Amino acid sequence: MIVVENKSVEDILQMIAPYKKVLIAGCYGCVTVCLAGGEKEVGLLASQIRMARQKEGNPIEVLEQTVERQCDKEYLDKFQDNVREVEAVVSLACGIGIQYLAEIYGSVPVLPGVNTQFLGTNRDVGQWEEFCMACGECVLDKTGGICPIARCSKSLLNGPCGGSQDGKCEISKDVDCAWALIYDRLSALGQLDKMTEYIPAKNWHREKGPRKLVKEELTLERD
Amino acid sequence: MSKNTNIRLGVYLCDCEGKLDQSIDLNKVKAVIQSRADFEYIRIANLLCGTLEKEKIVQEIDKYSLNRLLIAGCTDPFIKRQFTVLAEENGINRYEVEFVNLLIPGKENTEGAVSIINEVLLQMQTRGAVVYEEIDVLPEVLVIGCGTEGAAAALAVSENQPVTVVDNDTFRDGISLIEGKKNITVKTGVKVVGLEGFPGNFLVRFLDNGKHAKQSFGAIIIALEAQPSFDPIKYNGVELGERILSLSQFVKNDRDYAGQKVTFILGQADQDSLLSYATALSNAIALQEKGADVSILYDDMKVSADELEQDYELARARGVNFLKYNGDLQILTTDVAATVRYWEPFLPQIEQIRLISDYLVLAEDYVPHPDTADLAVVLDVRTGPGGFFQEDNVHFLPVMSNREGIYFVGSCHGPIHGIELDKEVETAKAEVGRFASGNIRVPALQPQVTAEQCAVCLTCYRCCPHHAIEIVHDESLNNMYNSAARMNPLACRRCGTCAAECPGKAIQLPFYSDEEILQKVSKPPKLVAYACENSGTLAAEFAKSLQPELQENLQIVSVPCSGKIDALFLLKALEQGADGVLLLVCHKENCKYVWGNERADKRKEQVQRRLAEIGLEGDRVDIVHLAANQGNQFNASVRSMVDKINQLGSNPGKVIK
Ligand code: SF4
Ligand code: SF4
Ligand code: SF4
Ligand code: SF4
């Protein structure tokens with residue numbers, strides 16, 4: 001899941017300072033799951049904004065709407081009536097949703113209500129952890145199912161480094177050393193020999209620019 | 001809920017023994033209502049709370065097939081509860097009973113009464129009825145633990161329904177008591193390793209002598225017995241031996257103590273339970289009767305349970321010596337005797353007293369059965385003080401767990417003695433007895449989920465204190481997962497915690513929907529108080545009788561549990577015009593629904609943060625932990641909140657003035 005964190009209301013208030021009528025746009029996808037951009041958060045933020053502006057003597061009208069996913073056009077279309085009404089939109093979807101919303105409704109400023117953080121798991125209510133950085137060339141087969149790129153502070157492909165201490169990373173006592181985790185997992189799997197296998201450096205050079213994925217056999221010719 | 005087309009309403013007007021006579025003409029009220037409203041039966045009573053009246057109402061419910069009641073008169077919480085119980089006993093759900101307070105100051109006149117009664121009548125006639133669900137359940141009961149306590153539970157339950165008793169151990173005291181008995185199956189070498197499903201239909205996974213197995217049960221009784229554990233440190237390092245025995249060693253051996261001096265020492269270990277006291281007393285009586293010379297050395301004789309006091313009296317009458325000590329004691333043994341030196345608290349002396357006995361019997365501590373922690377995780381039931389099952393919360397006594405259909409009996413939830421055990425067995429038998437007929441009829445009052453708004457995020461599932469939620473997959477569920485959370489009507493206790501935490505606002509608790517609650521604060525007075533019905537609401541009613549004027553500028557919004565108080569409710573009350581919001585919740589560790597009050601604490605913090613973010617005073621929101629009978633505390637909290645609001649001035653963020 002994509003994990004996001006709410007922007008401070010102060011920042012959002014600043015972004016919408018020039019406007020008298022805005023839409024808060026929620027998403028029922030990842031941001032609902034990570035408790036930051038679903039219908040509930042839309043309601044809470046809207047209430048905060050109304051009160052803040054009222055207090056300044058500069059009231060604002062705030063509309064609220066949440067759709068299934070902001071990363072798909074068909075769902076974004078559902079915003080059209082409300083978007084037409086407002087001077088700006090604050091989206092609580094991840095960076096993907098915000099951008100796509102902005103692209104579809106090019107004539108209205110679309111502002112971010114969250115800071116998109118990482119791809120991660122939800123261990124328990126209110127706890128998220130980064131697990132993957134979408135490198136495009138997965139090495140989990142070699143590392144006991146633990147990602148060295150996302151979970152090692154230095155993204156070392158052949159670890160650990162000298163900073164590994166009692167299973168913790170040298171940057172903080174609260175950060176597990178990914179390579180210590182990998183060692184433990186490989187040893188539980190009886191695959192410790194993989195520790196000595198050299199993993200070649202990745203080609204981080206993005207020769208093709210921003211990534212696109214096209215599956216020719218699935219695409220339809222449309223005009 | 002579905003729209004009810006068959007409402008059979010009974011209306012009762014009570015004149016409170018003539019108290020209402022001067023201000024309200026009930027005959028007139030009756031006439032007006034009769035001319036307009038649609039109901040089955042209407043009657044004026046002189047004193048509805050009287051005993052004879054109740055019988056009469058029961059007959060009327062039956063005679064006119066009433067399925068809804070409106071009771072107008074006083075709204076004393078105690079009387080309200082009596083009527084809801086009466087209604088439920090006669091097949092009318094508590095949510096189908098409405099009360100109208102005719103004693104509202106300013107509205108104590110005939111027109112006022114007619115108008116409020118009409119308002120409530122309209123609500124009752126337009127809203128949907130409570131739908132009942134018939135659920136097939138399994139009568140089979142699983143008892144985990146085959147000591148004497150598990151055996152006692154199994155024997156009692158087997159009178160009405162089939163019981164399977166499992167134990168990881170092969171040698172347990174209870175086995176011989178129940179083996180071969182009708183309706184009882186005993187399996188040893190069996191460990192419980194998994195649980196799925198809900199009350200009435202639990203699927204239990206076992207490791208049966210090393211092999212995986214599974215079986216379904218309607219209900220589960222946990223009876224893993226506590227184990228005695230002798231800790232020499234409690235007795236200044238003394239070791240057990242020939243002349244010094246622990247209480248459990250003593251109970252097991254069958255030596256003849258006639259003519260011997262035996263002394264029991266209580267109070268150094270097992271300080272929090274009555275088990276050692278009960279065991280020592282019964283054994284002392286038996287020993288004394290067999291010709292031993294018995295003393296009981298105690299620091300504080302605990303006999304606060306049925307029949308223990310009698311045992312104490314009997315022991316004294318038989319000649320057992322009761323000797324009180326103070327503080328530390330020393331134990332010395334030789335080959336021929338065991339000596340205790342102790343301080344006598346009432347004799348002013350400097351010397352310690354030396355008590356010489358042939359045998360010393362030392363009370364020991366009780367620790368949870370070693371499987372307790374693992375089983376708690378497997379069954380998702382909570383443990384409490386000392387690592388025993390069941391939390392330290394009076395609402396769960398005697399046998400309840402945080403899950404419906406799973407019960408605790410005996411020392412698995414702390415050392416208890418025989419008489420308490422009998423009561424627990426009876427209670428557990430009654431609880432699991434609900435499943436005996438194979439079918440349960442329940443009102444479908446559990447929260448409902450709108451699939452379109454459910455992101456299957458698991459928040460509700462993880463926040464439910466009662467393990468009442470499952471994620472179901474069904475093509476008819478209209479979201480991208482074809483899945484949604486679903487609350488089980490037999491497992492759900494209707495706290496509303498899930499609804500308050502759902503990030504998609506997908507969950508609504510019948511009779512407490514967001515819409516209904518927010519409607520109540522759409523034009524709030526200065527102060528809004530969200531009150532838990534188990535504490536705040538009752539305290540408020542009580543407080544009203546002490547200082548009614550305090551509630552003039554206060555709106556109380558009742559919720560079934562403080563876990564239902566959504567952060568959004570707090571912000572909305574302020575946005576819509578309140579100057580301050582109070583949360584009235586139960587005391588710590590006293591939430592009927594496990595952790596609702598802790599969640600309420602967190603939400604208060606969250607809302608204070610959100611207010612600070614927009615430059616509003618966090619002090620406009622406060623939480624008060626109180627009990628149902630603390631009317632004075634309620635008034636004090638309201639007064640201090642009103643003072644605070646007056647100091648802060650009008651809420652500058654209110655959008656609706
Ligand atoms: S817009 Fe972002 S948050 Fe919403 S579903 Fe798509 S990826 Fe997830
Ligand atoms: S190696 Fe790590 S970052 Fe790359 S795809 Fe696999 S999990 Fe994601
Ligand atoms: S908390 Fe709400 S969105 Fe999440 S699973 Fe439960 S019902 Fe669905
Ligand atoms: S109302 Fe309470 S008990 Fe019922 S499902 Fe929700 S959280 Fe669980």
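Every heavy atom of this structure was used, including side-chain atoms; hydrogens, water molecules and symmetry mates were not. Just so we're on the same page: letters track the sequence lines, and every chain starts at 1. Quick caveat, the model's predicted, so the values are computed rather than measured.
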Just wondering, are more than 12 heavy atoms of other shown residues or ligands nearer than 6.0 Å to CD in Glu130(A)? yes
Neighbourhood of chain B inside residues 78-103 of chain A, taking heavy atoms under 4.5 Å as contact: none
Considering only heavy atoms and a distance below 4.5 Å, find which of Cys30(A), Ala52(A), Ala46(A), Ser47(A) pairs most often with chain B. Ser47(A)
Checking heavy atoms, do the side chain of Leu13(A), its backbone, both or neither come under 4.5 Å from chain B? side chain
Take atom NZ of Lys73(A) as the centre, draw a 6.0 Å sphere, and report whether it contains more than 12 heavy atoms from other residues, nucleotides or ligands. no
Pick one of side chain, backbone, both or neither for Asn479(B), based on which atoms fall under 4.5 Å of a heavy atom in chain A. neither
About how many Å separate CD1 of Ile614(B) and CZ of Arg50(A), when rounded to the nearest 0.5 Å? 11.5 Å
Nearest atoms (heavy-atom pairs only) where Val33(A) meets Ala455(B): CG2-O, 3.8 Å
Below 4.5 Å from any heavy atom of chain A, which atoms of Cys454(B) appear? Answer side chain, backbone, both or neither. neither
Starting at CZ of Arg609(B), measure out to CD of Gln48(A) and round the result to the nearest 0.5 Å. 7.0 Å
In Å and rounded to the nearest 0.5 Å, what is the OG to CD distance from Ser8(A) to Glu613(B)? 7.0 Å
salt_bridge(Arg53(A), Glu575(B)) N-O dist < 4.0 Å: no
Report which part of Gln453(B) has an atom under 4.5 Å of a heavy atom belonging to chain A: side chain, backbone, both, or neither. both
Quick check: are there more than 12 heavy atoms from other residues, nucleotides or ligands sitting under 6.0 Å from NZ of Lys21(A)? yes
Give the member of Asp566(B), Leu611(B), Val607(B) that has the highest number of heavy-atom pairs under 4.5 Å with chain A. Asp566(B)
With a 4.5 Å heavy-atom cut-off, do Met51(A) and Leu574(B) have their side chains touching? yes
Might you confirm whether atom NE2 of His212(B) has over 12 heavy atoms from other residues, nucleotides or ligands at distances under 6.0 Å? no
I'd like to know whether OH of Tyr512(B) has more than 12 heavy-atom contacts from other residues, nucleotides or ligands below 6.0 angstrom. yes
Please look at Thr32(A) and chain B and tell me whether the side chain, the backbone, both or neither of the residue comes under 4.5 angstrom of a heavy atom of that chain. both
With chain B as the partner chain, list the residues of residues 120-129 of chain A whose heavy atoms fall under 4.5 Å from it, by residue number, and write 'none' if nothing qualifies. Asn122(A), Arg123(A), Asp124(A), Val125(A)
Using a cut-off of 6.0 Å, state whether more than 12 heavy atoms not belonging to Tyr461(B) lie near its atom OH. no
So Arg610(B) and Val9(A), do their side chains get closer than 4.5 Å, heavy atoms only? no
Checking Ala612(B) against chain A: side chain, backbone, both or neither under 4.5 Å from a heavy atom? neither
How about NZ on Lys592(B), more than 12 heavy atoms from neighbouring residues, nucleotides or ligands closer than 6.0 Å, or not? no
Side chain to side chain, Leu44(A) and Gln606(B), heavy atoms closer than 4.5 Å: yes
Would the distance check show the side chain of Lys40(A) and the main-chain N or O of Ala500(B) forming a donor-acceptor pair, the cut-off being under 3.5 Å? yes
Could you tell me the separation between the OH atom of Tyr28(A) and the CD atom of Glu452(B), rounded to the nearest 0.5 Å? 9.0 Å
